[in-house]
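Please read all numbers here as calculations on a predicted model, not as lab measurements. In listed order, ligands and their atoms are each counted from 1.
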Amino acid sequence: MKTNVLFVCLGNICRSPLAEIIFTDYVKSKGREDEFYIDSAGTADYHTGEKAHHLSLKIARVHGHDLNFHRARQVEHHDFELFDWIVAMDSTNMSDLKHYKKHTHKILLMRDFDPAPDSLNVPDPYMMPENGFENVYQILLRSIDRFYNELLKK
Ligand code: 4NP
């Protein structure tokens, strides 16, 4: 049985695709990629079918990840059945997910795993310059390390 993990932001072009590729490469580095099914989605459909934001693609590349496979999609009802854990990037994503009123115990907040949180939210970098995306990357990197270790305890 795999552990199915879905990362969710608003548009599924900036934050959650980065979370998806960081976590995917993290479990690969542990030799445990066969134990996970990992995906990302957005609460909105604004960017359905689009590639990741060019600065998410760039920040991923700078850190040695390839995000070119990604195409944005919106969260679907079926996701609440399929995924064991649904990790929201901010508290708005989290409350939007809870409106589906399904399996709400599966919904987690990414920064609850951040060992050095300065906010509840992974900041939305959509209108930010490149350093906003780098900041998101660093937040995700340290949060995902702890998320992985907490998952092992579940
Ligand atoms: P994301 O960033 O939720 O991290 O993918 C955004 C992408 C698009 C928009 C807002 C945030 N938008 O308003 O189109």
Chemist: What I want to know is whether S16 and ligand 1 share at least one N or O pair that is separated by under 3.5 angstrom.
Modeler: no
Chemist: Can you sort out which atoms of ligand 1 are near D124, meaning under 4.0 Å from one of its heavy atoms?
Modeler: 2 (O), 6 (C), 10 (C), 11 (C)
Chemist: Under 4.0 Å from any heavy atom of C9, which atoms of ligand 1 are there?
Modeler: 1 (P), 3 (O), 4 (O), 5 (O)
Chemist: Hey, mind stepping through L18 and F7 against side-chain contact (heavy atoms from CB on, under 4.5 Å) and telling me if it holds?
Modeler: CA-CA 9 Å; L18 276 175; F7 296 100; over 6 Å; no
Chemist: Under 4.0 Å from ligand 1, counting heavy atoms only, is it the side chain of H47, its backbone, both or neither?
Modeler: side chain
Chemist: So I144 and F113, side-chain contact (heavy atoms from CB on, under 4.5 Å) or not? Walk me through it.
Modeler: CA-CA 7 Å; I144 279 171; F113 300 98; over 6 Å; no
Chemist: Is there any N or O on G11 that sits under 3.5 Å from an N or O of ligand 1?
Modeler: yes
Chemist: Does a donor on one side chain and an acceptor on the other come within less than 3.5 Å for E134 and H63?
Modeler: yes
Chemist: Checking F83 against H103 for the ring pair (Phe, Tyr, Trp, His ring centres under 6.0 Å) test, could you report, in this order, the C-alpha distance in whole Å, the side-chain angles of both residues, the deciding distance, and whether it holds?
Modeler: CA-CA 10 Å; F83 288 94; H103 303 289; over 10 Å; no
Chemist: With side-chain contact (heavy atoms from CB on, under 4.5 Å) as the test, would you mind laying out the steps for V87 and L6 before giving the verdict?
Modeler: CA-CA 6 Å; V87 188; L6 182 68; over 6 Å; no
Chemist: Examine distances only and state if a side-chain atom of D114 and a backbone atom of S143 form a donor-acceptor pair shorter than 3.5 Å.
Modeler: no
Chemist: Establish, from distance only, whether the side-chain atoms of N12 and S40 form a donor-acceptor pair under 3.5 Å.
Modeler: yes
Chemist: What atoms in ligand 1 come closer than 4.0 Å to a heavy atom of I13?
Modeler: 5 (O), 7 (C)
Chemist: Specify the protein heavy atom at minimum distance from atom 12 (N) of ligand 1: its residue, its atom name, and the distance to 0.1 Å.
Modeler: Y126 CE2, 3.4 Å
Chemist: Heavy-atom contacts under 4.0 Å between L10 and ligand 1: side chain, backbone, both, or neither?
Modeler: both
Chemist: Could you check which of A19, G42, C14 puts a non-hydrogen atom nearest to atom 2 (O) of ligand 1?
Modeler: C14
Chemist: Should Y46 be counted as touching ligand 1, given the test is an N or O pair under 3.5 Å?
Modeler: no
Chemist: Among all protein heavy atoms, pick the one closest to atom 4 (O) of ligand 1 and tell me residue, atom and distance.
Modeler: R15 NE, 2.7 Å
Chemist: When you check the side-chain N and O atoms of D96 and N93, is any donor under 3.5 Å from an acceptor?
Modeler: no
